[in-house]
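What follows is a single structure, written as structure tokens, with notes after it.
Just the heavy atoms: all of them, side chains too, but no hydrogens, waters or symmetry mates, feed the values below. Convention: sequence-line order gives letters A, B, ...; per-chain numbering from 1.
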There are 4 protein chains.
Amino acid sequence: MVAKTSVEKSAGRPRDPETERRILEVTLRHLAEEGYSRMSLDNIALAAGVSKPTIYRRWPGKADLATAALRTLQLAEPPVDTGTTTGDLIATLENFSRSLLRPNGLSLIGTVLAEEAHTPELLALFRERLVVPRRQMLLAILDRAKRRGELRRGANLDVAVNLLVGAFYARYLAASAIPAGFPRELVAMVWPGLVRQRR
Amino acid sequence: MVAKTSVEKSAGRPRDPETERRILEVTLRHLAEEGYSRMSLDNIALAAGVSKPTIYRRWPGKADLATAALRTLQLAEPPVDTGTTTGDLIATLENFSRSLLRPNGLSLIGTVLAEEAHTPELLALFRERLVVPRRQMLLAILDRAKRRGELRRGANLDVAVNLLVGAFYARYLAASAIPAGFPRELVAMVWPGLVRQRR
Amino acid sequence: MVAKTSVEKSAGRPRDPETERRILEVTLRHLAEEGYSRMSLDNIALAAGVSKPTIYRRWPGKADLATAALRTLQLAEPPVDTGTTTGDLIATLENFSRSLLRPNGLSLIGTVLAEEAHTPELLALFRERLVVPRRQMLLAILDRAKRRGELRRGANLDVAVNLLVGAFYARYLAASAIPAGFPRELVAMVWPGLVRQRR
Amino acid sequence: MVAKTSVEKSAGRPRDPETERRILEVTLRHLAEEGYSRMSLDNIALAAGVSKPTIYRRWPGKADLATAALRTLQLAEPPVDTGTTTGDLIATLENFSRSLLRPNGLSLIGTVLAEEAHTPELLALFRERLVVPRRQMLLAILDRAKRRGELRRGANLDVAVNLLVGAFYARYLAASAIPAGFPRELVAMVWPGLVRQRR
DNA sequence: CATGAATGAGCTTTCATTCAT
DNA sequence: AATGAATGAAAGCTCATTCAT
């Protein structure tokens, strides 16, 4: 959107891409810290050092700004390779555990859920950028294990992902903190259901 | 000066108990539908058919009102008894699944999480009234099974509860809907980790 | 108003005169501390330990209550007699100086002046109860001196009173504090204008 | 990056200076007519023909607005020169008398006194802008006279100022009106105390 | 293009007063 | 007579958005 493909540069003063970046960064922080409805464009403009019309020139309104901020979210955690499936699962969940609570516990998740009825784009983007990629990483690990014959045939991998990921939400909702060693315990309890043949 | 007989009638115009009930009911609905920060006392007063001071006479401010509304929440689901441990777990999770999405998906959970930094009482009460009782029901089932020797010694029941309950959150966050048969699949996958002896 | 002159006691529960006294005392304090428009019946009722209708039963509204409270004001300072006119003046002004700033500087005077357009009764009563009596005391001293021939014929005693009393207001308005010895200096400067014959 | 030439034009839509002037003028009127606590930003905005945020953009809150309005007060009366000290005093006090009651008697003084405990800035500014300058004018006249040897050595000029100025307050508090010829009478009575040698 | 100015609508809270018991 | 409950109106302040330069 910023870089024109034609040789001719567009007339007038060009937009500063750094400005855009800064606005989105500030927006994301406020979104996580204050929640969507408390987040105010006034404060964002102030913190980003720009004026409000500068924001409105780029995004049509508050919802679009928040959406754009969420769009910048990228799963930062790289795929892991520890040599074993359970090792990979544990390592991935440990990454998850670390990034989940940043920067403000579950308040970002909270606000996209709370706004589902009013501003469904938020949840949609949150899914696309964070939820789905995270699940894909786990699914990929499990899928590879399945193709290697490590897992029971017919094991519902999607259910396993829900269990492993969800346990963090459940734990946070109950106690606002994730204990050390939690990922390992999760995998230990779910793994038998994935592999076992007889009973 | 003579002691009043049994039923002490307090002076002044009595409060209409119906009013209080209606205000709290409306508040809870608005809290779930709008989220805490969007929820306005003006609208609550309007919907409850009272004036704002009528609300302020009962609760000192917005946070207290929301808190009081959360306090009315009671886990409606009775303990189940199907004859088997897995049956009980599945039945309990099915109740959970049904009540979880009422009245507005996870928006109530969302708002208490989103407000954790600003209005921590909300999350605290939500925990006390819904989260903890629900976990207790599952824990009770598992604990009984353990005392009967059905479960592996050293099985971490708390982790199992996190897995079972959390899967619903994970699934909702990924797809806003819980498929039929989900509870059964959860239990099927976690159960081996609870019972198996060797590996 | 409380005591009936007829033998027959009026029917129903009699009003408690102590209640009335307490309400007026609290009102006067709030009037001086908060000013008329900040003073709230809610707070007065609370501080007096009564309900608002108990107040409204006795006085038709806020203005009447404030008026009634002002009506209870009595000049507490007794006439002085030091043996000399200037001594009497100084002693009287010293009393004045002491009582003027109680309990809240000039805020009571301030509020009755500020409310002159909206609630003229306040200023009227303040005059009747405090301003006029105080001036009368000074006038009486000067008048006696005049009848004794101490003062110049034609000396305008009313002007002298304005000077002596007003100096306290001017001083407070300029510095919020009255220095020790102030009364003596005032009298020293005004006295020559009252007595001297030639110039 | 090149330095702007002499007249620096700030970016953005310029403020209408007339707006600011009008708001302050309206504020000052309301402050005098209603008193500080009755004065409402809603009414000021309405009367000034602006919206409330237009006011809040310029001043952070009600107290700051009232303060700013007081700051615009300027002693309008120029120094006088009649040729004699008593003539100057009388002329100055006549100016005082005229401006004192505008626009609403002593209600402005009243409100700054009444608010001393809650909003001390008001009294502070009132002093700085009106009380002190007025006293300075009188002090300057007396000081010049002293340097000319017209006054008794050791005459306390500050006390004289308190007497002369305060008499207007005392008179207003007693009768809400200043009679014609009042300044002359004040000076006549105080003058002997300033000049006389023996007694 | 970016700015500062402006706005209508909304927020939470408090007030003087009246009602019902 | 006295109470607690109720109310319409208003307060100070903030928001998302648009205007004018």
Please figure out whether B:Met39 or C:Arg38 has its closest DNA chain E nucleotide nearer the 5' end.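 It is B:Met39, whose closest nucleotide lies nearer the 5' terminus.
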Both B:Ser37 and C:Ser40 contact DNA chain E. Taking the nearest nucleotide for each, which residue is further toward the 5' end?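 Its nucleotide being nearer the 5' end, the pick is B:Ser37.
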OP1 or OP2 of E:dT3 sitting under 4.0 Å from any side-chain N/O of A:Thr54?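 Answer yes for this pair, as a side-chain N or O of A:Thr54 is under 4.0 Å from OP1 or OP2.
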Do the side-chain N or O atoms of C:Arg58 get closer than 4.0 angstrom to the phosphate oxygens (OP1, OP2) of F:dA2?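 Yes, within the criterion.
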What's the [atom1]-[atom2] distance between [X] and [N], to the nearest Å?
X       : N      : atom1 : atom2 : answer
C:Leu31 : E:dA16 : CG    : P     : 12 Å
D:Arg15 : F:dT21 : CZ    : C1'   : 15 Å
A:Leu41 : F:dT14 : CG    : P     : 16 Å
B:Asp42 : E:dT12 : CG    : P     : 7 Å
D:Leu46 : E:dT7  : CG    : C1'   : 14 Å
B:Asn43 : E:dT13 : CG    : C1'   : 16 Å
C:Lys62 : E:dC15 : NZ    : P     : 9 Å
C:Trp59 : E:dT18 : CH2   : P     : 16 Å

Complement of E:dA9, any strand, by Watson-Crick or G-U distances under 3.5 angstrom: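 Checking every strand shown, E:dA9 finds its partner in F:dT14, with both distances under 3.5 Å.
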Tell me the partner of E:dA20, counting only Watson-Crick (N1-N3 plus N6-O4 or O6-N4) or G-U wobble (N1-O2 and O6-N3) with both under 3.5 Å; none if nothing fits.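 In the structure as shown, E:dA20 has F:dT3 as its Watson-Crick or wobble partner.
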[X] side chain vs [Y] backbone, donor-acceptor pair below 3.5 Å:
X        : Y        : answer
A:Thr67  : A:Ala63  : yes
B:Ser107 : B:Asn104 : yes
B:Thr111 : B:Tyr36  : yes
C:Thr27  : C:Ile23  : yes

Cationic tip of C:Lys62 within the cone over C:Tyr56's six-membered ring, i.e. under 6.0 Å and within 45° of the normal?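 No.
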When we call it a touch if two heavy atoms are under 4.0 Å apart, what does D:Pro14 touch: a base, just sugar-phosphate, or nothing?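 Result for D:Pro14 = sugar-phosphate.
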Once you apply a heavy-atom cut-off of 4.0 Å, does D:Arg57 come out as touching a base, just sugar-phosphate, or nothing?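 If one applies the 4.0 Å heavy-atom cut-off, D:Arg57 turns out to touch a base.
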Taking atom types as they are modelled, would you say the side chain of D:Arg13 forms a donor-acceptor pair with the base of F:dC19 within the 3.5 Å cutoff?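 Side chain to base: pair found, below 3.5 Å.
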Between the base of F:dT18 and the side chain of A:Lys52, is there any donor-acceptor pair under 3.5 Å?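 No.
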Take B:Ser51 and A:Tyr56, find for each the nucleotide of DNA chain F with the closest heavy atom, and name the residue whose nucleotide sits nearer the 5' end.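 Going by which nucleotide is closer to the 5' end, it is B:Ser51.
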